[in-house]
Amino acid sequence: MTRLLDRIDHPQDLHGLTEAELQQVAQEVREHIIDTVGEIGGHFGANLGTCEIAVALHSLMDSPRDKILWDVGHQAYPHKILTGRRDELSTIRKYEGLAPFCAIHESPHDIMGAGHASTSIGYGVGLREGARLRAAHAGGGAEEPAPRVVAVIGDGAMTGGVAFEAAHQAGGLGTPLVVLLNDNGMSISPNVGSLSRYFQGVRLKPRLWHGRERVEEALTDLPGVGGIVERVGPTLKGSMKLLNAEGELWESLDWAYVGPVDGHDVHALRQALKQAFAADRPVVVHAKTIKGKGFAPAEEGGLEGMETWHAAKPGSIVARAPAPKVPADPDAPAKPPQYTQVFGRRMIEEVRADRRVVGITAAMNSGTGLNLLQVAEPDHYFDVGIAEQQALLFASGLALEGLKPVAAIYSTFLQRAYDQIVHDVCLQELDVVLAMDRAGLVGDDGPTHHGVFDIAYLRSLPSIVVAAPRDEAELVHLLHTGIAHDGPFALRYPRGEAVGVPLPERARRLEIGKGEVLRRGERVALLGYGSGVGVALEAAALLREAGVEATVADARWAKPLDVELVRALASSHELLVTLEEGVLAGGFGTAVLEAGEEHGIPLATAGGVPGVTQVLRVGMPDRYVTHGAPKLLHQEVGFTGAAVARRVATALGVRGGVPAQA
Ligand SMILES: Cc1ncc(C[n+]2csc(CCOP(=O)(O)OP(=O)(O)O)c2C)c(N)n1
Ligand SMILES: CC(=O)[C@@H](O)[C@H](O)COP(=O)(O)O
Ligand SMILES: [Mg+2]
């Protein structure tokens, strides 16, 4: 059966369709997403919730002259489908495929780059005021209407404070900007906080929406009164709007409010948007949607179903008969645990050992593993919403009260709270532990989510300890050490599976600033940090095949660095290789070079002064690494045992023996 969608190669192809046809296109977009994402995996529920919104917007607007901004962008697959990328959707998040979120290099219709939440309204104010200024510079009266700007933002992303900074500015300036609030009651997990209750309350008052229409109709129909209403109606209707609770939050910021409107009804959305476009002031259109609309396990699965289907695993939705189940091999080795699960389970133990311990997440309940703590010790668990800055201020307050807060925040999202790390946690020397999951290259989420800057952005701060475990056992010990430590403490660990070593019965407190030699060799010492230790061990095994017995050591601390370990390795090896899954500028390897200077250890960057131990730093490149399977990304940047072994063999003048493949 031919689809209307197959005729939509540009958003303007929607402009001639009837609203019934537009509603059909939205459903075809939904089915396309279910079929495609069910096969390849990726963000899912949020995209099923924006099919009608994307169709309604693109049917009324002239993208890219008119600008549609998608907050986060994980819900922008319908937008991508309608803007010429329908047939490429199966490549999304894949290496060299479509970007996981909106990407300005990918399409002129992707007006802003995203991945981190709550930024769209801010961009919108800038775009709208920029157009106003450009029109003024061009000599005042614009021949054609100014481009329209709509920011689509979810109820979860609205809990990010920067969204209100933008709403505040737009209200102050009277910027004619439209915000389409996509309210589905969900963040990744159920949305939290009073703002969520406010939105929820609005959602649950359908009578207000229908009631107001009926009241207005009734007023107009009353004999004798009708005429009055016609004359005073607009004022009355205006005052009616002020009567309704839904808009009060926005109207207090000098925004007009339209809604709530059914976010899956293209006609209702278009009506509301036309009303909003007619206003010469900031307007919010409050749309009620279902996260996972049209996919029963999500739509009918309650909060749990909607959370589960925030993302779909590859092959998780089999349109055809499920492939025959291959019986699990009973003798197959058990897969290592996820670092996240080790952390989450360990947090329960730490809370039970010390009631001062508290776990804090910024809307990443299951992503951080704190969902386990939430169930086991709910009084010691807090979700502040998508508010990383508040997470650290809250932690600072808890620490001042003598508690031991552990802020579990992905490395990349922690970037949003950098001043709270400096100004509140470190400068005040508070007992706060930063547990940074997703450190290193995360894979499909790409450059907005790779956690590659935290070593550099933390190491430069006085009073903080910066550490990384080489495996899950070390994660247990380092978390325990961080909680026991007096003062700021940061530890990082990668997304995904751990190494597969036995977990310790008991956590022990490690000596801060003390690394560990794991195997002794000669000529070359491979000094790993965190996941760099695993790469070092792989490289050492390959170098052994080439006749080189490499030393491997685990630095464990980027700050304070184990200077005596560096001195010992430098004095007995001609080549010292540092390995870190972070950028080199200001990273762990730089710390080693700095230690050489500060402590009189003769070190030179590779290829430098002959007769002095050469330092070769292995880490992330000085560019933003793309999205794709982690294995491919590691090969691309040379963060593999084979790549390191080849570089070492070349530096040592060893010929042959190291495999050519990545
Ligand atoms: C700064 C930041 N913190 C956390 C996240 C992780 N994250 C991605 S989507 C999401 C939930 C967004 O909720 P909402 O805006 O309501 O969109 P929905 O998925 O409900 O459509 C979160 C927490 C992020 N992208 N950015
Ligand atoms: C869109 C967003 O930011 C989250 O959905 C993120 O993709 C989750 O990442 P993990 O899958 O690593 O938890
Ligand atoms: Mg939501």
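Just follow the structure's listing: the first ligand is 1, and inside any ligand the first atom is 1.
Under the ring pair (Phe, Tyr, Trp, His ring centres under 6.0 Å) criterion, Tyr339 pairs with no residue, sequence neighbours left out.
Nearest to atom 1 (C) of ligand 1 among the protein's heavy atoms is Arg416 NH1, 3.4 Å. The protein heavy atom nearest to atom 25 (N) of ligand 1 is Gly115 O, 2.8 Å. Atom 11 (C) of ligand 1 has its closest protein heavy atom at Ser187 OG, 3.3 Å. Shortest contact from atom 3 (N) of ligand 1 to any protein heavy atom: Glu388 OE2, 2.8 Å. Of all protein heavy atoms, the one closest to atom 7 (O) of ligand 2 is Asp445 OD2, 2.6 Å. Among all non-hydrogen protein atoms, the one lying nearest atom 26 (N) of ligand 1 is Ala117 N, 2.9 Å.
Glu165 and Gln169 are not linked by any side-chain donor-acceptor pair at a separation below 3.5 angstrom, with hydrogens and angles left out of the test.
Panel detail: the Mg ion (ligand 3) has protein N, O or S atoms under 2.8 Å away, 3 in number.
Only the side chain of His449 comes within 4.0 Å of ligand 2, counting heavy atoms alone; its backbone N, CA, C and O stay farther away. Residue Asn184 touches ligand 1 through its side chain alone, judged by heavy-atom distances below 4.0 Å.
Using the six-membered ring where Trp is involved, Phe101 and His449 have ring planes that are parallel, under 30° apart on the 30 and 60° scheme.
Those atoms of ligand 2 with a heavy atom of Phe101 less than 4.0 angstrom away are 1 (C). For ligand 2, the atoms sitting less than 4.0 Å from at least one non-hydrogen atom of Phe413 are 3 (O), numbered in the order shown with element in parentheses.
When the heavy atoms of His310, Arg495, His74 are ranked by distance to atom 5 (O) of ligand 2, first place goes to His310.
Residue contacts with ligand 1 do not include Gln75, since none of its heavy atoms lies under 4.0 Å from the ligand.
At a 3.5 angstrom cut-off on N or O pairs, His43 counts as close to ligand 2.
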